[in-house]
Every structure is written in structure tokens, then in C-alpha cells.
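Have a look at the structure below before the remarks.
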Protein chains: 2
Amino acid sequence: MAIFSKTCEYAIRAVFYIALKTVAGGRVGIKDIATGIDSPELYLAKILQDLSRKGLISSVKGPHGGFFIEPPSLSRPLSDIVEAVDGDSLFYGCGLGLKQCSEVNPCPLHNEFKDIRDRIHKLLNTTTIGEFNSELIDGLLSLKK
Amino acid sequence: MAIFSKTCEYAIRAVFYIALKTVAGGRVGIKDIATGIDSPELYLAKILQDLSRKGLISSVKGPHGGFFIEPPSLSRPLSDIVEAVDGDSLFYGCGLGLKQCSEVNPCPLHNEFKDIRDRIHKLLNTTTIGEFNSELIDGLLSLKK
DNA sequence: TTAATAAAAGACAAAAATATCTTTTATTAA
DNA sequence: TTAATAAAAGATATTTTTGTCTTTTATTAA
């Protein structure tokens, strides 16, 4: 098992890619994104439609259309993407899948996992969509393969 | 998304339950386990067959048969269960799903996730199958709902 | 205003995960 | 040695996730 669903992995990588490509104010097409992050084009299209509906990214149809990100959204945290796609069970769910797990009715791993979940949550809350742009431009970071 | 697959959640809870029920040297039937951890009986049977084949737990057929855990296995780490069921991608895989992600070709979250994965790995490596037995007996910990 | 472009939307398909059903095998006790 | 018990094994079913195909809608430029 991975931390995120495949859908969420594609979503995060795609948003990074769109951010990177639109710092100059441009728009980027679905083919370009799918190639840029090595994902199935039509599946990614569905994912981006969803993120677009939820306001995380923007799009325009027609010639010279495509996806882009509004400047303010560059400072939104990655947790917004994760919550939109995978929900918040990664941050709040019980590690052993118990619905009623809590401080007063803990599973054996409750405290240990609380710590880990908090760490993941904090990481995704303090990391923004736009913060890797310059490193991505410089080719120091990878979004594919 | 949860940290573990549903299968793995059932597996860990079941192993805890079997450990708990066999400290006295007894054996525990699949119905008992499924009820005790609130899981689908026949699906759990499949999971336990697998864990049994892999030597994590033991079983005997026939009257008074059932599942049990050899005393030495009580000190095995939880990571053995997780690896048997979910593989090791939780410990070593890239957070964004990139096959080639590494120190020299990192994804944007490489270092942050390395830290988190290491923490999860360490937690599961240092936590043993039998270490919650007394708390489980005392009813301080929950394995169901 | 028409043709071309590109995303949106809806339907469908394949694969993987989860769950169930049936038959077989091993063990025990009478 | 027979009947009862309980797990193993194999087949099948359902649900969820992932992926694809087709049609529609919005936008642009000529």
C-alpha cells in the first residue's frame, strides 16, 4: 500500500506541473500534463475536472485554452488536494480501521499512529502547491517515472 | 485513504486477537476471531490461511483445532505482518508513486516522506505481536468497531 | 457564422480489492 | 471406523479503483 491513492498521486503531480507551467501566466493542455507527469491522459482529465469543480485549479475551453492555477492558489497547502481526492481519513482515521477508535476507546496503535498522522498532516499543511516551482524549473525535481 | 489495506487491518487485528487468546496455550476458531475483531468471517479465513502459509501464525484442523501463535512469534514485529500482506511499498515507495524516485532523482516530497516512512517503519519494527496482550486482557484496548 | 480547438460530461470497460460459497482434507472423539 | 469438527483450497461474486471511449459544450480565430 502506498500513502496516497493512485488518483491522488496523479492529482498532486499534475497540480505541481500546472503550477510550474503557469507561473508565466500561460495555460497547459491535458496532453501536455499527462506526458509531463507520465499518467493516462483520459483518466487524468477526469481527475482535473474534479479539482477544477472544487476550485483548486482553473480551466478554459477552446483554442489556447487549458488548465492553469490562480496565483492565490499557489499558496494553498497540499492537504487541500489530498482532502479533495482521498478525503481526510489519512489525517484522522484509525490505523487499524476501527470506527470508534479514540482516546477513551483506543486501538493498540492509537497513540503511535496519532503521532504519525499528525506529522503527515503537518507536512501537507505546511507545504504549498507553488513552493517547488523554481526547483522544478531548474530540473532539480522530478514529476515522472 | 488509510495507511493499511483493509486486508492488512484485518490481519493485524486478528493476529493481536489470536495472540491474546493463545497466551494460555489454547486455540481459537475463525468464527471466534471474526466476531472478536468484527470482520467478515470467510474473508478473514483467507487472510489467515495466507499468514499461516507464511509461518506467522499456526493452525490445526479438526475438533479443538483452530489458530494459535507459537510463543517465539509473539516477539516478532508488526512489520512482518504488514510486509506479508501489503508488501514493503509503505516503507520504501515514493509518496508520489514515482518508480525512479531517489536521492539523485527526487520527487518534490522525497525528503519529507523519507522521514515519515522511516518513522512508520521504525514504529512497526519495534512493536511486537505480543506486547499488547496484558492491556488487551484488561480491556484497555479495543480490536473491534 | 463557421471551423477548429480543448475541456466537460456521461457512458462504458478492465483490473484490483474485498467478500462469499462450496468442496476437500486433516483431526478428534466416540 | 464413523461422525463430527474445523481449517484449507478452489471457484465465484461484488465493489471499488483505475482507465478508456464518445458526445457535448465553450471558446477562439478566420
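Since the structure is predicted, the reported quantities are computational estimates derived from the model, not experimental observations. Per chain, numbering begins at 1; letters A, B, ... match sequence-line order.
Pairs engaging residues 102-122 of chain A under the salt bridge (Lys or Arg N to Asp or Glu O under 4.0 Å) rule: Lys114(A)-Asp118(A), Asp115(A)-Arg119(B), Arg119(A)-Asp115(B) [sequence neighbours left out].
For the residue pair Ser5(A)/Tyr10(A), the side-chain donor-acceptor check at 3.5 Å is not satisfied.
Applying a 4.0 Å cut-off to non-hydrogen atoms, the residues of residues 62-70 of chain B that approach DNA chain C are Gly62(B), Pro63(B), His64(B), listed by residue number. Shown for residues 7-17 of chain A: residues whose heavy atoms fall under 4.0 angstrom of DNA chain D, namely Thr7(A), Tyr10(A). Against DNA chain D, the stretch residues 30-45 of chain A makes heavy-atom approaches under 4.0 Å through Pro40(A), Leu42(A), Tyr43(A).
The distance between atom CG of Asp86(A) and atom P of dT16(D), rounded to the nearest whole Å, is 16 Å. Distance Leu48(A) CG to dT20(D) P: 15 Å, rounded to the nearest Å.
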- Message: Set out, in order, the CA-CA distance, both residues' side-chain angles and the distance that settles side-chain contact (heavy atoms from CB on, under 4.5 Å) for Leu136(A) and Tyr17(A), then state yes or no.
- Response: CA-CA 9 Å; Leu136(A) 284 167; Tyr17(A) 189 84; over 6 Å; no

- Kindly indicate, with the supporting measurements, whether the criterion side-chain contact (heavy atoms from CB on, under 4.5 Å) is fulfilled by Phe16(B) and Leu141(B). CA-CA 11 Å; Phe16(B) 278 151; Leu141(B) 297 175; over 6 Å; no

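In 5' to 3' order, the nucleotides of DNA chain C bounding all contacts with chain A (an atom under 4.0 Å from a heavy atom) are dA4(C) to dA11(C).
Transitive grouping of hydrophobic side chains (ILVMFWY, heavy atoms separated by less than 4.5 Å) brings Ile137(A) and Phe132(A) into a common cluster.
Among Asp80(A), Ile57(A), Ile69(A), the single residue meeting the side-chain contact (heavy atoms from CB on, under 4.5 Å) criterion with Leu51(A) is Ile57(A).
Ring-centre distance between Phe4(B) and Phe113(A): below the 6.0 Å cut-off.
Secondary-structure stems of DNA chain D, taken as three or more successive Watson-Crick or G-U wobble pairs (i with j, i+1 with j-1) under a 3.5 Å distance threshold, comprise C:1-30 with D:1-30.
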